[in-house]
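Written out below as C-alpha cells is the structure these notes cover.
Note that these values count all heavy atoms, side chains included, but never hydrogens, waters or copies made by symmetry. No experiment lies behind these values; they were computed from the predicted model shown.
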Amino acid sequence: MAIQDISTRQLRYFLAAAETGQFSLAAHAVHVSQTAITNAIASLESLLGVKLFDRHPHGVTLTAEGHHFVQHAQHVLNALNDAVRAPAFRTYDVSGEIRIAASYTVMGYFLPQYLARFQRTHPGVRLKLMELHRTELEEAVKNGDVDVAIAVTSNVGPSKGLASETLVRSRRQLWTASDHPLCSESEVSLKEIAQYPLIQIMVDDAGESAKRYWEKRGLEPNLLLETESMEAVRTFVGLGLGVAILSDLVFRPWTLDGRKIEARPITDVVPPMEIGIVRKTSRPQAPAAEAFARFLKLACGAATP
C-alpha cells in the first residue's frame, strides 16, 4: 500500500463515522451521501487490511484497530489544518506568558495535543499551566489569576459573571467488558443499564450530570462505585464488575492489564460532554491569551479564520 492511496476525504469520512456511530449521521455531518461514506470506509479498510468498524443493525462501533487508527487519522488532519492556517496564526505573532487553567479531564484527555500544536506556531509564547477543580477555576478567572480557562462546561454551567464558549462535544456511551451481557446488544437503554452495577466517575462534576439524566428517565442506577480514578473505572469495567457511561473523548479500548473494553450507543437522550473556554464577561484578554483562544477555536472547528 502506498500512502498516496489514502485521501484526506477518506480520513474525514472515517472520523465522522467514528464520532457519530452511524454512517447516515456521518454523511449528514460532512454533507455527502451515505453511499459515499460506506464506499470510502470500505476502501480505507481494504487499503489498511484491517476492519475499522463493527457493523450493527442501528449503527457502527470502532474495533480495536479502529480506535488505534483514530489517533493517527486525527493527527494527519490536524497537521494539514495547521499548515493551511499558518498564515492566519502568524497574524498573532506575539510573545509573553499565558496562564492556562484546566480541569482534570481537560488537562488529561483534551488539552496536551493543542498545547503542542500551539507551541509549534507560537514558539515565543511561554505557557504556565494549572490543574484546578471547577470552583477553583472559576474563582481564578474572576480574580484575574489566569488568562485562559478550559473546563467541562456541560456538567455544571459557569457562575454569574462568567461565560463559556463550546469547543468540542463528545458523545457519551456505555462501556462494558467484551463478555458482558450488554455487549451483545447493538444499543442499550438506561433501563437495561440500571439492571447492572454501575461505576460512576466523579471528576469534573460528572456525578451531577449523570444524576440529571437518570432522574429525567425516572430511573435510579445500581451504583457499585463512585471514583475519581479513570483507571479504576477501566479496571472495574474490564473485569466485568460493572459498567460505566462515559464520553468517547476518554475512551480507551484496553485496560492497563490488557483487558478489552467495548462501547455501545445508548438509546435514551444522554447529553454529550462539552468542553469549552470559560471567560470573565467584563474582562478583555491580552494579545497572547486571545491568540491562544482563537487557535483553540480554529483547531476545534468552533470558528473560522
Give the table of side-chain donor-acceptor pairs shorter than 3.5 Å for residues 262-269, with sequence neighbours excluded, one pair per line with atom names and distance.
unit_1: E262; atom_1: OE2; unit_2: K260; atom_2: NZ; d: 3.3
unit_1: R264; atom_1: NE; unit_2: C183; atom_2: O; d: 3.1
unit_1: R264; atom_1: NE; unit_2: E185; atom_2: O; d: 3.0
unit_1: R264; atom_1: NH2; unit_2: C183; atom_2: O; d: 3.1
unit_1: T267; atom_1: OG1; unit_2: V188; atom_2: O; d: 3.3
unit_1: D268; atom_1: OD1; unit_2: R217; atom_2: NE; d: 2.4
unit_1: D268; atom_1: OD1; unit_2: R217; atom_2: NH2; d: 3.3
unit_1: D268; atom_1: OD2; unit_2: L190; atom_2: N; d: 2.6

List the atom pairs, donor and acceptor, that lie under 3.5 Å between side-chain atoms in residues 193-201 and the rest of the protein, sequence neighbours left out.
none

Spacing of NZ belonging to K142 relative to CG belonging to L137, to within rounding of 0.5 Å: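 Nearest 0.5 Å value for the NZ-CG distance: 11.5 Å.
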Crowding at NE2, H56 (>12 non-hydrogen neighbours, <6.0 Å):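 Enclosed.
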Qualifying side chain to side chain donor-acceptor pair (under 3.5 Å) pairs, either residue in residues 28-44, two or more places apart: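 Qualifying pairs: Q10-S43.
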Backbone N/O of [Y] and side chain of [X]: donor-acceptor pair under 3.5 Å:
| X | Y | result |
| --- | --- | --- |
| R55 | F53 | yes |
| S170 | D248 | yes |
| T235 | E231 | yes |
| E192 | S189 | yes |
| T20 | Q22 | yes |

Looking at side-chain heavy atoms only, is the closest gap between [X] and [Y] below 4.5 Å?
| X | Y | value |
| --- | --- | --- |
| F251 | Q173 | no |
| L219 | K191 | yes |
| L296 | I277 | yes |

Candidates I275, I150, T153 - the one meeting side chain to side chain contact (heavy atoms under 4.5 Å, CB included) with S164: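 Single side chain to side chain contact (heavy atoms under 4.5 Å, CB included) partner of S164 among I275, I150, T153: T153.
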For residues 106-116, run the donor-acceptor check on the side chains, cut-off 3.5 Å, and write out each pair with its distance to 0.1 Å, sequence neighbours left out.
unit_1: Y109; atom_1: OH; unit_2: R234; atom_2: NH2; d: 3.0
unit_1: Q113; atom_1: OE1; unit_2: N78; atom_2: ND2; d: 3.3

Hydrophobic cluster identity match, W254 and W175, side-chain contacts under 4.5 Å: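 No, separate clusters.
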Hphob cluster co-occupancy, M230 + V152, side-chain heavy atoms under 4.5 angstrom: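 Yes, M230 and V152 fall within the same hydrophobic cluster.
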Charged N-O contact under 4.0 Å between E45 and K51: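 No salt bridge links E45 with K51.
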Test side chain to side chain donor-acceptor pair (under 3.5 Å) applied to R12 - qualifying residues, sequence neighbours left out: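 Side chain to side chain donor-acceptor pair (under 3.5 Å) check on R12 returns nothing, list empty.
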Those residues that, when tested against R252, pass salt bridge (Lys or Arg N to Asp or Glu O under 4.0 Å) (two or more places apart):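 R252: no salt bridge (Lys or Arg N to Asp or Glu O under 4.0 Å) contacts found.
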Check: D204/T105 side-chain N/O donor and acceptor closer than 3.5 Å: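 D204 vs T105: donor-acceptor pair found between side chains.
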